[in-house]
A.B. asks: 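Quick one: the structure is below, questions incoming.
Reminder, nothing fancy here: chain letters follow the sequence lines and each chain counts from 1. This structure is a prediction, so every number in the text was calculated from the model and none was measured.
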Amino acid sequence: MNKNITSQLMNWHQHENLREMPWKEEKDPYKIWLSEVILQQTRVEQGTAYYERFIQNFPTIKDLANSKDEVVFKLWEGLGYYNRCKNLLATARFITNELDGVFPSEYEQIINLKGIGPYTGAAIASFAFNKPFAVLDGNVFRVLSRLFGIDTPIDSTIGKQQFSKLAQDVLDKENPALFNQAIMDFGATVCKPMSPHCRTCPLQSACSGFEMGIVNKLPVKEKVLKKKNRWFYYFILQYQDTFLVEKRTGKDIWENLHEFYLLESTEQLIWNDSSIHDWLQEQLGIENAIVLGISPLQKQQLTHQLIKGQFIKVEIKSMHTQLQKHQWLPMNEVVKLAFPKYINQYLSV
DNA sequence: AACGCGGGGTT
DNA sequence: AACCCAGCGTT
């Protein structure tokens, strides 16, 4: 039964899979690792250009390890989930400096690396080293839940265990790299989230979900993410030809990216020249500011929060000690730093 | 076990 | 607006 599904997926892969990606059939663990990290929670179409740019700038893991943080973050800019970039660098440096530049080939060692979990570990172990570890990503959850008609929530602990075991059971142990590629491509192009191609699906007769008429109800998720609204008011402070720029450090969105002077509020604030002068005077001790502009309302929708606010451009005529403690950079230095899209969409206007 | 983390495409 | 995307780390 399961053997049948395995061979049918392999058969589909061999004869009908037309999906192409730059890293397909790649065997260099560095390139596989890089592509997999870029693709975590990221569509292939979105990640491909980033992959090409990373390979171009860092042909080997040593090139990546020896690069400065800011250069790498600038290349990652706009891709999101920036801890991936931080962990990518940490792992590149660890392998280069501590492992003599040799990527580990054992699954247990691979998943101990920062930024590599069960999915990415199985992907590297199978694609680079052809070891029999089944990948379990969003595609595999969906394909298996439908093929076997399983309504266990995929985001529950028991669900993860159940599907992990099933994926390993279905895996073609003789051809793990090919099979893992097959089941993910099948999920992405045939067994799609919306309007899957059930009518022409080669596995239709083997699909319990189809037989029960519940394909469009699978997979089941139990968690609902809660959203919140935040107001970000950025003061772009200019002194002569320099700008106040800070790096975000807290456990919050956009950690390790840069920003201007931030005033965050839980509610909307209404600004005019007078209220801006008052606020600058009270909060920063700035007496002689010139308000150069107040932007229209800006919005950025994230998965879990909605950021709204404005950008207020201010020129200050004299520097004082409190302000001097911040970092002031000319624009040609500012543009080398990585910023969140919320700020970049203002800067590029 | 629950939560937080980006940005973009599709429906 | 809701959902999803070659998930992972922290608490």
Side-chain angles (χ1 to χ4, degrees), chain A residues 19 21-24 26 32-51 73 76-88 90-91 110-124 126-127 133-143 153-161 163-164 167 177 179-189 191-196 216-228 230 248 250-257 299-307 338-345:
Chain A
R19 207 179 187 207
M21 290 163 288
W23 49 86
K24 218 162 190 177
E26 177 63 60
I32 293 171
W33 164 61
L34 176 63
S35 71
E36 295 300 343
V37 173
I38 286 176
L39 292 175
Q40 286 166 5
Q41 289 293 282
T42 304
R43 293 169 183 274
V44 169
E45 305 79 51
Q46 186 187 2
T48 300
Y50 283 84
Y51 172 80
F73 271 93
W76 196 275
E77 183 181 53
L79 193 56
Y81 286 161
Y82 297 93
N83 264 331
R84 290 184 293 172
C85 185
K86 178 186 174 186
N87 288 330
L88 189 79
T91 293
I110 294 172
I111 57 166
N112 275 333
L113 300 168
K114 286 182 182 174
I116 299 183
Y119 164 76
T120 306
I124 296 171
S126 62
F127 292 142
F133 291 88
V135 293
L136 186 52
D137 74 334
N139 291 304
V140 180
F141 274 118
R142 187 172 56 255
V143 170
I154 62 172
D155 53 356
S156 65
T157 302
I158 187 72
K160 285 172 194 166
Q161 289 172 355
F163 282 100
S164 175
F179 179 85
N180 279 338
Q181 191 64 59
I183 193 169
M184 288 195 287
D185 286 345
F186 181 79
T189 61
C191 199
K192 301 185 294 180
M194 310 285 176
S195 46
N216 61 354
K217 297 193 179 307
L218 298 174
V220 172
K221 288 190 180 178
E222 63 181 3
K223 294 181 175 53
V224 286
L225 80 165
K226 32 187 175 181
K227 300 187 172 180
K228 55 178 175 178
R230 303 170 75 177
R248 288 178 66 83
K251 295 275 176 221
D252 194 5
I253 56 171
W254 305 330
E255 187 181 356
N256 293 304
L257 269 58
K299 291 184 191 176
Q300 172 71 30
Q301 179 69 63
L302 308 184
T303 297
H304 44 288
Q305 43 191 297
L306 176 60
I307 312 295
F339 289 87
K341 186 192 172 182
Y342 179 74
I343 293 178
N344 272 331
Q345 70 187 7

A.B. asks: Under 4.0 Å, counting only non-hydrogen atoms across every strand here, what does A:E45 touch: a base, just sugar-phosphate, or nothing?
C.D. replies: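 It contacts nothing in the nucleic acid.
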
A.B. asks: Does A:T303 get its side chain close enough to the base of B:dG4, under 3.5 Å, for a donor-acceptor pair?
C.D. replies: no

A.B. asks: How is A:R19 classified with respect to the nucleic acid when contacts are heavy atoms under 4.0 Å: base, sugar-phosphate, or nothing?
C.D. replies: base

A.B. asks: Ring-plane angle category for A:W254 and A:Y342, please: parallel below 30°, perpendicular beyond 60°, tilted otherwise.
C.D. replies: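 Parallel: the ring planes of A:W254 and A:Y342 meet at under 30°.
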
A.B. asks: Would you classify A:D185 as touching base, sugar-phosphate or nothing, given that sugar-phosphate means primed atoms plus P, OP1 and OP2, and contacts are heavy atoms under 4.0 Å?
C.D. replies: base

A.B. asks: How many angstroms lie between CG in A:N87 and OG1 in A:T120, if you round to the nearest 0.5 Å?
C.D. replies: 11.0 Å

A.B. asks: Calculate the interatomic distance between A:W254 atom CH2 and B:dG4 atom P; express it in whole Å.
C.D. replies: 16 Å

A.B. asks: Any donor-acceptor pair under 3.5 Å joining the side chain of A:R84 to the base of B:dC5?
C.D. replies: no

A.B. asks: Between atom CD1 of A:I32 and atom NZ of A:K24, what is the distance when rounded to the nearest 0.5 Å?
C.D. replies: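 NZ of A:K24 is found 13.0 Å from CD1 of A:I32.
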
A.B. asks: Which part of the nucleic acid does A:E222 contact within heavy-atom distance under 4.0 Å: base, sugar-phosphate only, or nothing?
C.D. replies: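 Touches nothing.
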
A.B. asks: Classify the nucleic acid contact of A:W23 as base, sugar-phosphate or nothing, counting any heavy atom under 4.0 Å across all strands shown.
C.D. replies: base

A.B. asks: With no angle test and no hydrogens, is the base of B:dG6 tied to the side chain of A:Y81 by a donor-acceptor pair under 3.5 Å?
C.D. replies: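 Yes, the side chain and the base share a sub-3.5 Å donor-acceptor pair.
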
A.B. asks: Taking the side chain of A:Q46 as heavy atoms from C-beta outward, which of C:dC4, B:dG7, C:dA2 is closest to it?
C.D. replies: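 For A:Q46, the side-chain atoms sit closest to B:dG7.
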
A.B. asks: Within the structure shown, what part of the strands sits under 4.0 Å from A:T120 by heavy-atom distance: base, sugar-phosphate, or nothing?
C.D. replies: sugar-phosphate

A.B. asks: Nearest nucleotide by nearest heavy atom, which residue falls closer to the 5' end of DNA chain B, A:T157 or A:D252?
C.D. replies: A:T157

A.B. asks: Base, sugar-phosphate, or nothing for A:I116, non-hydrogen atoms under 4.0 angstrom?
C.D. replies: sugar-phosphate

A.B. asks: Closest-nucleotide mapping onto DNA chain B: is A:I158 or A:P340 further toward the 5' terminus? I mean the 5' end.
C.D. replies: A:I158

A.B. asks: Regarding A:Q40 and A:Y119, do their side chains bring together a donor and an acceptor under 3.5 Å, going by distance alone?
C.D. replies: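 Side chains of A:Q40 and A:Y119: no pair found under 3.5 Å.
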
